[in-house]
Amino acid sequence: MRLATWNVNSIRSRVDRVLAFLERTGTDVLALQETKCKDEQFPREGFEAAGYQVATFGLSQWNGVAIASRVGLDDVARGFPGQPAFGAAPVVEARAIGATCGGMRVWSLYVPNGRALDNPHYAYKLEWLARLRDQSAGWLAQGTGNPDAQIALVGDWNVAPEDSDVWDMAVFDGQTHVTAPERAAFAAFAQAGYVEVTRQHIPQDRAYTYWDYQQLRFPKNEGMRIDFAYASAALASRTTGVVIDRNERKGKGASDHVPVILDLAD
DNA sequence: ATGACTCATTACATGAGA
């Protein structure tokens with residue numbers, strides 16, 4: 001079984017590239033973030049022609065998440081219980097979608113960016129992560145006898161958990177993504193019992209998943225590692241390999257993020 | 001070359017991304 005996550009920065013501008021990725025890699029379940037379209041605008045046809053079912057959650061041109069699966073797609077949840085809302089007229093944004101695929105509970109997550117430390121979006125980001133941690137800790141059903149739970153929390157976490165996850169910490173002085181509260185909010189998932197399997201399999205520095213479009217960041221390999229996969233213990237133990245598909249950042253029409261692929265033993 | 005932002009919008013300038 002192959003599970004991948006990818007912030008595509010608009011599915012409508014990238015659908016051909018995504019379909020080619022599915023065919024090339026044989027990915028069975030793909031979690032997408034930043035689809036940037038409403039549900040009725042999502043280009044489902046190409047996925048369905050390729051044998052995938054698709055569940056989408058998109059409310060506007062902002063955010064948007066989806067799951068494509070060729071191993072079943074059931075019990076779709078749009079948003080997670082307790083997910084914070086944002087804005088003057090508070091809206092639960094399209095940042096989380098869950099579905100059961102091939103015996104796994106998969107969540108495609110697009111954590112709020114935070115924007116700036118003095119911006120309300122930053123407090124929203126921390127609250128969002130805290131509420132997701134609370135909810136997902138319950139899914140593990142620790143102490144109630146569910147050691148075989150197959151749960152994957154994958155996506156764009158918008159946190160660089162280690163200094164080595166950015167090319168130059170000096171550039172991020174006073175910026176979001178690297179602060180102690182954000183890193184604590186990210187680490188709380190490990191404390192709840194999840195295993196971040198991408199670093200487990202790829203411990204190297206400069207294994208980035210995102211490069212800004214500006215200032216030749218990709219050719220200079222000045223990137224950030226912010227896309228991760230937290231797995232329940234049973235799912236982590238099935239993970240045999242992880243690939244950060246950095247070739248997908250090359251060429252015209254690339255997303256600024258690349259796919260992260262998990263290989264899971266059957 | 002892996003190359004000098006990109007995407008969506010009752011668009012033609014602005015907001016968001018990180």
Side-chain angles (χ1 to χ4, degrees), chain A residues 5-18 20-21 32-43 56-66 86-89 91 93-95 108-126 128-129 155-183 185-186 206-228 243-260:
Chain A
T5 180
W6 193 0
N7 177 323
V8 286
N9 184 21
S10 168
I11 188 59
R12 286 178 291 175
S13 68
R14 214 87 61 208
V15 60
D16 291 345
R17 202 163 175 139
V18 172
F21 166 82
L32 294 162
Q33 300 90 38
E34 275 210 90
T35 52
K36 285 188 167 176
C37 66
K38 299 176 186 177
D39 291 334
E40 61 267 30
Q41 298 173 309
F42 193 100
T56 65
F57 183 27
L59 299 172
S60 68
Q61 73 270 39
W62 307 120
N63 315 308
V65 284
F86 183 79
V91 174
E93 298 177 320
R95 295 180 175 275
S108 177
L109 304 168
Y110 179 42
V111 175
N113 171 290
R115 300 182 187 176
L117 303 191
D118 60 356
N119 189 298
H121 214 256
Y122 178 71
Y124 167 56
K125 176 183 194 174
L126 295 177
W128 202 96
L129 283 166
D156 175 1
W157 291 77
N158 268 322
V159 177
E162 311 281 343
D163 287 357
S164 60
D165 294 331
V166 298
W167 78 94
D168 181 358
M169 273 298 287
V171 172
F172 289 85
D173 185 39
Q175 304 293 126
T176 61
H177 292 65
V178 299
T179 66
E182 288 167 284
R183 288 174 170 179
F186 183 83
R206 296 173 69 83
Y208 303 131
T209 64
Y210 161 90
W211 298 259
D212 198 292
Y213 286 122
Q214 304 186 56
Q215 298 182 257
L216 293 170
R217 292 298 186 210
F218 183 58
K220 291 152 77 173
N221 196 26
E222 295 178 344
M224 304 174 74
R225 187 172 188 173
I226 53 178
D227 298 271
F228 297 101
V243 171
I244 297 171
D245 191 0
R246 74 187 303 286
N247 284 336
E248 277 294 347
R249 186 62 179 80
K250 298 179 181 178
K252 198 171 173 60
S255 172
D256 43 3
H257 294 250
V258 293
V260 180

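Bear in mind that the values here come from a model prediction, so they are computed numbers and not experimental data. A, B, ... follow the sequence lines: proteins, then strands. Residue 1 opens every chain.
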When rounded to the nearest Å, what value does the distance between [atom1] atoms of [N] and [M] take?
N	M	atom1	value
B:dC7	B:dC12	C1'	15 Å
B:dT10	B:dG15	P	14 Å
B:dA13	B:dA1	C1'	34 Å
B:dA11	B:dT6	P	23 Å
B:dA4	B:dT9	C1'	26 Å
B:dT14	B:dA18	P	22 Å

Anything under 3.5 Å between a protein N or O and an N or O of nucleotides 15-18 of chain B, put it in a table, one pair a line.
residue : atom : partner  : partner atom : Å
B:dG17  : OP2  : A:Arg115 : NE           : 2.8
B:dA18  : OP1  : A:Glu34  : OE2          : 3.4
B:dA18  : OP1  : A:Asp156 : OD2          : 3.4
B:dA18  : OP1  : A:His257 : NE2          : 3.0
B:dA18  : OP2  : A:Tyr110 : OH           : 3.0
B:dA18  : OP2  : A:Asn158 : ND2          : 3.2
B:dA18  : O4'  : A:Tyr210 : OH           : 3.2
B:dA18  : O3'  : A:His177 : NE2          : 3.0

Below 3.5 Å is the cut-off: list the nitrogen or oxygen pairs between protein and nucleotides 1-3 of chain B, distance only.
residue : atom : partner  : partner atom : Å
B:dT2   : O2   : A:Phe218 : O            : 3.3
B:dG3   : OP1  : A:Gly251 : N            : 3.4

A:Glu248 side chain to A:Ser255 side chain, donor-acceptor N/O pair below 3.5 angstrom: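 Short answer, no.
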
Side chains of A:Asn9 and A:Lys36, donor plus acceptor under 3.5 Å: yes

Does some side-chain heavy atom of [Y] sit less than 4.5 Å from a side-chain heavy atom of [X]?
X	Y	answer
A:Thr176	A:Leu117	yes
A:Val8	A:Arg17	no
A:Thr179	A:Phe172	no
A:Val159	A:Lys125	yes
A:Phe218	A:Arg246	yes

Sugar-phosphate only, base, or nothing, as touched by A:Glu222 at under 4.0 Å among non-hydrogen atoms: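 Nothing, no heavy atom under 4.0 Å.
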
Ring centroid separation A:Phe86 to A:Trp128 under 6.0 Å: no

Step-by-step side chain to side chain contact (heavy atoms under 4.5 Å, CB included) determination, A:Arg217 to A:Asp256: CA-CA 10 Å; A:Arg217 292 298 186 210; A:Asp256 43 3; over 6 Å; no

For atom CH2 of A:Trp211 and atom C1' of B:dC5, their distance in whole Å: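 Whole-Å distance recorded here is 16 Å.
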
Whole angstrom value for the distance that separates C1' of B:dT9 from CG of A:Leu59: 16 Å

5'-to-3' dot-bracket of DNA chain B (Watson-Crick, G-U; under 3.5 angstrom; crossing pairs as [ ]; | other strand): ....(((((...))))).

Non-hydrogen atoms of A:Thr35 and A:Val65 that approach each other most closely: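 Shortest heavy-atom contact: OG1-N, 3.5 Å.
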
Charged N-O contact under 4.0 Å between A:Asp156 and A:Arg95: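 So A:Asp156 does not pair with A:Arg95 through a salt bridge.
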
